[in-house]
Amino acid sequence: MRLRAVLFDMDGTLLDSAPDFIAICQAMRAERGLPPIADKLIRDQISGGARAMVAASFALDPQDALFEPLRLEFLERYQQHCAVLTRPFDGIEQLLADIERARLIWGVVTNKPLRFAEPIMQQLGLAKRSAILICPDHVTRSKPDPEPMTLACSRLDLEPASVLFVGDDLRDIESGRAAGTRTAAVTYGYIHPEDNPRNWGADVVVDHPQELRAVLDRALCSC
């Protein structure tokens, strides 16, 4: 079936949000008189969300009494500063332009809550260009469940087989495959050091956004 749409995961796939996450964690440490930690320690935990980043930043178990106030502070700070340093990954802007010139639809399916994802898309000038934004707020089960992908395809009135879903986490690939879409795993995102995208069962694995252009060209030529 001919490709009609490309859907992206947000953090680590479409957008490099790590600089904002890192800045918040380092600021929280500094305000408590703690020295900076290696940025990589935070970056490696991004796929695990706020809980994982806070745990790594303060070497705390989530069951520790000090943990929950730190997590809530992290989220409050992120609400106010979620698009200060966040930018599309190198090559993404050109890829989106190529997708639009090919008259394909593109959108975002993310496990990031709407209260963060929507203002980021707006501030980066992507909201009006994106055909759809699906967040956990719109579904009862998030990725790796297929529900977010199935909902996106339904709202776009597309057959899943005509959609390519691009992500940097096993959950993305599992969600896309279960929903019946084609899948692409990216290695440039927030991959845990012990993980390997080539073991996720994606239809294709790419190391840079512009490598997806060749994937799209092949898909557009298929029937």
Side-chain angles (χ1 to χ4, degrees), residues 1-15 47 88-89 91-112 114 117-118 120-122 124-189 191 197-223:
M1 181 176 290
R2 187 177 178 84
L3 185 71
R4 296 188 59 193
V6 183
L7 299 179
F8 296 90
D9 173 52
M10 181 175 281
D11 295 322
T13 302
L14 187 71
L15 304 178
S47 64
F89 277 101
I92 284 291
E93 184 54 50
Q94 182 61 50
L95 177 64
L96 295 181
D98 289 343
I99 289 172
E100 291 165 350
R101 276 195 292 271
R103 299 185 181 279
L104 296 176
I105 296 168
W106 71 268
V108 175
V109 179
T110 176
N111 278 357
K112 196 183 200 79
L114 186 65
E118 192 169 56
I120 290 172
M121 293 289 285
Q122 292 171 345
L124 295 181
L126 298 174
K128 292 183 178 179
R129 297 170 63 186
S130 172
I132 197 165
L133 172 62
I134 297 294
C135 298
D137 311 66
H138 303 121
V139 295
T140 57
R141 296 176 299 277
S142 298
K143 299 178 291 183
D145 193 275
E147 184 182 356
M149 293 302 301
T150 300
L151 177 62
C153 293
S154 175
R155 288 190 176 180
L156 293 171
D157 193 25
L158 294 174
E159 289 292 331
S162 70
V163 174
L164 173 67
F165 185 43
V166 187
D168 73 318
D169 193 278
L170 175 60
R171 291 169 295 188
D172 300 318
I173 306 308
E174 290 178 337
S175 179
R177 291 181 64 189
T181 73
R182 308 179 213 187
T183 57
V186 303
T187 65
Y188 60 80
I191 315 298
R198 288 178 170 78
N199 295 333
W200 296 347
D203 294 309
V204 65
V205 180
V206 299
D207 299 319
H208 188 276
Q210 274 303 294
E211 290 182 27
L212 283 167
R213 176 56 194 268
V215 175
L216 297 181
D217 287 343
R218 290 196 298 271
L220 288 171
C221 292
S222 64
C223 299

Pairing residues for L156 by the side-chain contact (heavy atoms from CB on, under 4.5 Å) criterion, not counting sequence neighbours
L7, I105, A131, I132, L158
Sequence neighbours left out, what passes side-chain hydrogen bond (donor to acceptor under 3.5 Å, both in side chains) with H208? Give chain and number order.
D90
With R103, which residues qualify under side-chain contact (heavy atoms from CB on, under 4.5 Å), at least two apart?
none
Run the salt bridge (charged side-chain N to carboxylate O under 4.0 Å, His left out) test against R171 and tell me which residues pass, sequence neighbours left out.
D169
Should the heavy atoms of other residues, nucleotides or ligands under 6.0 Å from CD of Q122 be counted, would the total exceed 12?
yes
Do the side chain of T183 and the main chain of D203 share a donor and acceptor less than 3.5 angstrom apart?
yes
Contacts of D98 meeting side-chain contact (heavy atoms from CB on, under 4.5 Å) (sequence neighbours excluded), chain-then-number -> Q94, R101, Q210, R213
Check side-chain contact (heavy atoms from CB on, under 4.5 Å) between D207 and all other residues, then give those that pass, not counting sequence neighbours.
T187, R198, E211
Taking R182 for the side chain and A161 for the main chain, is one N or O donor matched with an acceptor at less than 3.5 Å?
yes
Measure the shortest side-chain to side-chain distance between S130 and L126 over non-hydrogen atoms and say whether it is less than 4.5 angstrom.
no
Taking the side chain as everything from C-beta on, heavy atoms only, tell me whether V186 gets closer than 4.5 Å to I191.
no
Here the salt bridge (Lys or Arg N to Asp or Glu O under 4.0 Å) pairs for residues 139-154, sequence neighbours left out, are D9-K143, R141-D145, R141-E147, K143-D172
Restricting to salt bridge (charged side-chain N to carboxylate O under 4.0 Å, His left out), what partner residues turn up for D168, sequence neighbours left out?
none
Set of side-chain hydrogen bond (donor to acceptor under 3.5 Å, both in side chains) partners for R155, sequence neighbours left out:
none
Side chains of M10 and M121: does their closest heavy-atom pair fall under 4.5 Å?
yes
Partners of D157 by salt bridge (charged side-chain N to carboxylate O under 4.0 Å, His left out), sequence neighbours excluded?
none
Can you list everything that forms a salt bridge (charged side-chain N to carboxylate O under 4.0 Å, His left out) with E118? Sequence neighbours excluded, please.
none
